[in-house]
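Shown next, in structure tokens, is the structure this report addresses.
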Amino acid sequence: MLPVTTAAIAVTVYTRTSEFGREEALFHLIAMAGCPAAEAIIPGPFFEGLPGYHRRNDPDGDGIACDPQLQAAPPQDVQTAQPEPAGRAVGNAKFLRP
């Protein structure tokens, strides 16, 4: 019960001390989880200085977070699969013959 109480107190303090209104502050807090969480509530790109904008959600640094053009673009750095060594591997563990 203590973690729930602590989380409730933290959210209440954040919404009351934020520079945004109560609903906007709650949305801004949810947007910290990432673009899918923010766009589940309010779709669209989020501009710098407005609720929902966080630098971690703005990979190109242009002031627009959760930009639809960037999400639709294919990844630029695609790594090819490397062949496995001559041993047997399970997960990260490698079993090599002596």
Side-chain angles (χ1 to χ4, degrees):
M1 193 63 177
L2 184 59
V4 173
T5 304
T6 304
I9 291 171
V11 168
T12 302
V13 169
Y14 179 78
T15 57
R16 289 183 183 204
T17 59
S18 174
E19 62 191 58
F20 304 115
R22 190 170 276 180
E23 291 83 16
E24 292 174 335
L26 187 59
F27 173 68
H28 194 66
L29 188 63
I30 292 170
M32 283 186 195
C35 289
E39 289 180 336
I41 299 171
I42 298 175
F46 306 106
F47 300 98
E48 189 171 7
L50 298 176
Y53 177 85
H54 293 282
R55 284 188 183 172
R56 73 178 108 196
N57 296 339
D58 185 9
D60 58 354
D62 64 350
I64 303 172
C66 304
D67 196 7
Q69 285 83 19
L70 289 178
Q71 293 174 359
Q76 298 294 331
D77 188 340
V78 178
Q79 297 179 359
T80 59
Q82 298 177 354
E84 269 194 50
R88 196 177 99 212
V90 177
N92 290 336
K94 295 179 182 174
F95 302 97
L96 302 175
R97 294 180 187 234

* Structure fact -> So CZ of Arg55 and CD of Glu48: to nearest 0.5 Å the spacing works out to 6.5 Å
* To do: Specify the closest pair of heavy atoms between His54 and His28, including all atoms of both residues, with the distance to one decimal.
  => NE2-O, 2.9 Å
* To do: Report yes or no: does Asn57 contribute a side-chain atom to a donor-acceptor pair with the main-chain N or O of Cys66 at less than 3.5 Å?
  => no
* Could you please spell out the steps behind the side-chain contact (heavy atoms from CB on, under 4.5 Å) verdict for Asp67 and Asp58? => CA-CA 8 Å; Asp67 196 7; Asp58 185 9; over 6 Å; no
Under 3.5 Å, which donor-acceptor pairs do the side chains of residues 4-18 form with other protein atoms, sequence neighbours left out?
residue: Thr5; atom: OG1; partner: Met1; partner atom: O; Å: 3.0
residue: Thr6; atom: OG1; partner: Leu2; partner atom: O; Å: 2.8
residue: Thr12; atom: OG1; partner: Ala8; partner atom: O; Å: 2.8
residue: Thr15; atom: OG1; partner: Val11; partner atom: O; Å: 3.1
residue: Thr15; atom: OG1; partner: Thr12; partner atom: O; Å: 3.0
residue: Thr17; atom: OG1; partner: Val13; partner atom: O; Å: 2.8
residue: Ser18; atom: OG; partner: Phe20; partner atom: N; Å: 3.2

* Phe27: what forms a ring-ring contact (aromatic ring centres under 6.0 Å, His included) with it, not counting sequence neighbours? -> Phe46
* **Pairwise distance CD1(Ile42) to CD(Glu23) - rounded to 0.5 angstrom** => 10.5 Å
* Asked: Out of curiosity, Ile41 CD1 to Ile30 CD1, how far, rounded to the nearest 0.5 Å?
  -> 3.5 Å
